[in-house]
Amino acid sequence: AQSVTQLGSHVSVSEGALVLLRCNYSSSVPPYLFWYVQYPNQGLQLLLKYTTGATLVKGINGFEAEFKKSETSFHLTKPSAHMSDAAEYFCAVIFSGGGADGLTFGKGTHLIIQP
Amino acid sequence: DSGVTQTPKHLITATGQRVTLRCSPRSGDLSVYWYQQSLDQGLQFLIQYYNGEERAKGNILERFSAQQFPDLHSELNLSSLELGDSALYFCASSVGIGITTDTQYFGPGTRLTVL
């Protein structure tokens, strides 16, 4: 079955340290990939997405992600964490190849930033 | 502020009851998506409407229904409510149909509590 897995329900890093949030998908056909962020008591905001083309995607707030087909991964990184990055992060995919389908989300990773 | 509005913000009701959640998409957006976020199931896609017509269905229960009106606002109707329906319900909107070309903008959500 097609699925999205985020490794680590909670990730804690120090301010200024590298942020790495992991996302793997299972599908025989490469999906379209997204990262969303959810701040407390707010809706979701798109950080970045991969559809086609360059596999390294840059998003907002200094985040980037790399699509690795051989590893079926789309990990999210940021070189230097900021206190304002503390939030819930969701990896999401479209498995159908695009079009009128909704997003399939991972369980989410809560990012904690230590001062 | 994404430009997507949802009312009400909070809703408390009893089992067996029926409620209606409302969503107004961003100006110019023709697609509306509904998602459910619960502790048990995480974030799940429920249904999508495009310009008044149903386009895609996800994990939506038969007790739930939705519609999109000519002015493009959408309503999600939940009936015969059960305790397990307690969740945060998000609406999202996008310009067109294609998730690969469009960004989904999320509203702040409606928190439903079933007692």
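Nothing here was measured: the structure is a model prediction, and the numbers come from that model. Chain letters run A, B, ... following the sequence lines, proteins first and then strands; every chain starts at 1.
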[X] with [Y], same ILVMFWY side-chain cluster at under 4.5 Å:
| X | Y | answer |
| --- | --- | --- |
| B:Leu46 | A:Val93 | no |
| A:Leu47 | A:Phe74 | yes |
| A:Leu20 | A:Leu7 | no |
| A:Val4 | B:Leu39 | no |
| A:Val19 | A:Leu48 | yes |

* In residues 64-91 of chain B, which residues are in contact with chain A at a heavy-atom separation under 4.5 Å? -> B:Leu88, B:Phe90

* Select all residues of residues 3-22 of chain B having any heavy atom within less than 4.5 Å of some heavy atom of chain A, and report them by number, or 'none'. => none

* Structure fact -> Whatever's closer than 4.5 Å to a heavy atom in chain B on A:Tyr50 counts as neither

* At a heavy-atom separation under 4.5 Å, does A:Leu44 approach chain B through its side chain, its backbone, both, or neither? -> both

* Structure fact -> Under a side-chain separation threshold of 4.5 Å, the hydrophobic residues clustered together with A:Leu18 are none

Interatomic spacing from [atom1] in [X] to [atom2] in [Y] - rounded to 0.5 Å:
| X | Y | atom1 | atom2 | value |
| --- | --- | --- | --- | --- |
| B:Gln104 | A:Gln45 | CD | CD | 14.0 Å |
| A:Leu103 | B:Tyr33 | CG | OH | 8.0 Å |
| B:Phe106 | A:Tyr36 | CZ | OH | 5.0 Å |

* Atom CG of B:Leu115: over 12 foreign heavy atoms under 6.0 Å -> yes

* Asked: Tell me, which pairs form a ring pair (Phe, Tyr, Trp, His ring centres under 6.0 Å) where one or both residues lie in residues 3-30 of chain A, sequence neighbours left out?
  -> A:His10-A:His110

* If you count heavy-atom pairs under 4.5 Å between each of B:Gln44, B:Gln37, B:Arg111, B:Gln41 and chain A, which one has the most? -> B:Gln37

